Asks: 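Okay, handing you the structure first.
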Amino acid sequence: MKPRRLLCSTVVCCLALVATQCTRPASTDIPHLQKRGATTQLIVDGKPFLALAGELNNDSATSLEYVKRLWPRLVHAKINTVLAGVSWNQIERQEGKFDFSVLDGVIQGARNNNLRLALLWFASWKNGLSSYPPDWVKKDFARFPRAQTQTGKTLELLTPLSDANRDADARAFAALMRHVRETDSRQHTVIMIQVENEVGMNGDTRDRSPLANRAYEGPVPKELMDYLQRHKETLIPEFRQVWEAAGFRTSGTWEEVFGRSIATDDIFMAWNYARYVGRVVEAGKAEYPLPMFVNAALIRSFTIADAAKMKPEPGTPARSFNAGGPMDDLMDVWRAGAPRLDMLSPDAYGNFAEYCARYTRSGNPLFIPESLNMAVGAARVLYAFGRHDAIGFSAMGAVERSNNPDTDLIGSYDLLAQLTPLILQHQGDGTMSAVLLGPDDPPQKVRVGNYTLEAAFMKPRVAPLTQPTPIPPNTFASAIFIAGGPDEYYVAGSGVILTFSPNTPGPPLAGLATVEEGSFTNGRWVPGRVLAGDSTEEGESIRLLWAPGSWVPVYRQRASPDAIQRVTLYRYQ
Ligand code: DGJ
């Protein structure tokens, strides 16, 4: 090629590259996570954002005709963020050839309905198996090997020990993130990415394929040992216990370092899943560094420290507990293996309060990708945001698991939408909290600002000679409280009785000065009724009546559309 032409084309290429680099948005312009005091916030369009979310059923977003009829339901449900699956098999039917036409339609559909998206990368793994890889992966099991159990059974599960599996997934994920950047980095419809879905192995406590056995008999990788030594004093206690029990060795085989137990199998699998997912995340973030998380199936009902006491007994049926999954007590292993992953997120269907506490340890930001909807979800979401500064809460199958609008969850999402400016202002500074109470839970005391609040589950009165109203199973009362000033609170919720006592020097008693019921419109307080008398038990307590349509008699249900109360207190003796 003539030198002059060569020079021109080189210049043109450079310009193109610079152009792409120039068009690459700065990481602070795109949706990202940002520390705020003791917490982390999701920033979208430069502002903190609360994800009031709902997850579509697994394959709803693989057809534009199918998803079209869901957008109005999602909007009606006061959802602002939709968790939608992206199937590897759908976008890369042929190796190296990508088709994003359906995804483009989903992004456009969300945009048209003023909704944000969290995309769920259904690729190598989904619920501990591999149903989403493309056919060219599934069929070529020599090139893309599977995991095996101790009986030699091959599972429909891509082994995390294979570089070929990992690299194929990472290439496709990078293509996806490049496409999202090219089509959405100015609009920010896509705000977060879930990488894989509920990874982990069932049917055995670890992969026993030749690849896996070789790695298991080899040394624990230096990267993991370096991480553990660097973080020795801040490791999750249950995990540290396992390493300590084996003598805090800094090198050796897996069993030498962690002992011979199913805990070591779980740790070994966690490392290999994390390394694999970590590479996929890095490939995706190199294209478009949106916040990325993994979701956890909370199947293992015992801690990793308990697992260390469970020795694998040859011939006994292997335990199945989603080995290697991102359980809270394996957070250190996941962080060491996938340093660019932003969050480990619990699919918290049961023991909600416990898992919120466990997954906010060690500074892990809380995002709940999957939980229950209806009245239970309506109670839980207040707790996740108010008590644990959650970034977001999502009900699984939010608008697809019932044809009737979920009035309970809609009520809570509407409430949280009103309170969003206040919540974002008070996250991470100790001036906000919440309670989640079952009927048998004792009243809970919570310090918020200058007062301690005592919250009790509100039961219907039992009239003489009558039976108490039976409390349906899985009934929860919940409330959120925000200190709007030294003696002022905004409180909201369902089925909670609140009393206040000062926790600062001065007159020991707290009384209700003025109590207004009301709502927020665009962050501005719009007062409704002024409450006293029966509404505050003659000034004795704040009563957050049960949501309309709840299990209680009507007189205990909130009649007013205004679900928030502004309480000002005074001190006396
Ligand atoms: C948890 C998974 O993450 C979801 O994708 C879905 O399979 C639910 N279980 C069950 O519907």
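Everything quoted here is computed from the prediction, not taken from an experiment. Every number for a ligand or one of its atoms is a count from 1 in the order of the listing.
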Asks: For ligand 1, which atoms have a heavy atom of Asn197 less than 4.0 angstrom away?
Replies: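 What qualifies from ligand 1 is 2 (C), 3 (O), 5 (O).
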Asks: Among protein heavy atoms, which lies nearest atom 9 (N) of ligand 1, and at what distance?
Replies: Glu370 OE1, 3.8 Å
Asks: Can you confirm if the aromatic rings of Phe302 and Phe321 lie within a centre distance of less than 6.0 Å?
Replies: yes
Asks: Do the non-hydrogen side-chain atoms of Glu370 and Ser394 ever get within less than 4.5 Å of each other?
Replies: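 Contact flag for Glu370/Ser394 side chains = no.
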Asks: Under 4.0 Å, heavy-atom basis, I'd like to know which part of Asn57 is in contact with ligand 1: side chain, backbone, both or neither.
Replies: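 Within the 4.0 Å criterion, Asn57 makes no contact with ligand 1.
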Asks: Pick one: which of Phe100, Phe173, Tyr288 meets ring pair (Phe, Tyr, Trp, His ring centres under 6.0 Å) with His179?
Replies: Phe100
Asks: How long is the straight-line distance from CG of Asp104 back to CZ of Arg111, given to the nearest 0.5 Å?
Replies: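 It comes to 9.0 Å.
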Asks: Decide whether an N or O pair under 3.5 Å exists between Arg401 and ligand 1.
Replies: yes
Asks: Suppose I only count heavy atoms of Asp347 and a 4.0 Å limit; which atoms of ligand 1 are within that range?
Replies: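 It comes down to these atoms of ligand 1: 3 (O).
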Asks: Considering heavy atoms of the protein only, find what lies nearest to atom 7 (O) of ligand 1 and give residue, atom and distance to 0.1 Å.
Replies: Asn127 ND2, 3.0 Å
Asks: If you count the atoms of ligand 1 from 1 in the order shown, which ones are under 4.0 Å from a heavy atom of Glu198?
Replies: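 This gives 1 (C), 2 (C), 3 (O) as the contact atoms.
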Asks: Could you check Tyr132, Tyr276, Trp88 and say which one makes a ring pair (Phe, Tyr, Trp, His ring centres under 6.0 Å) with Trp125?
Replies: Tyr276
Asks: Under a 4.5 Å cut-off applied to non-hydrogen side-chain atoms, are Phe122 and Asn89 in contact?
Replies: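 Side-chain contact under 4.5 Å: no.
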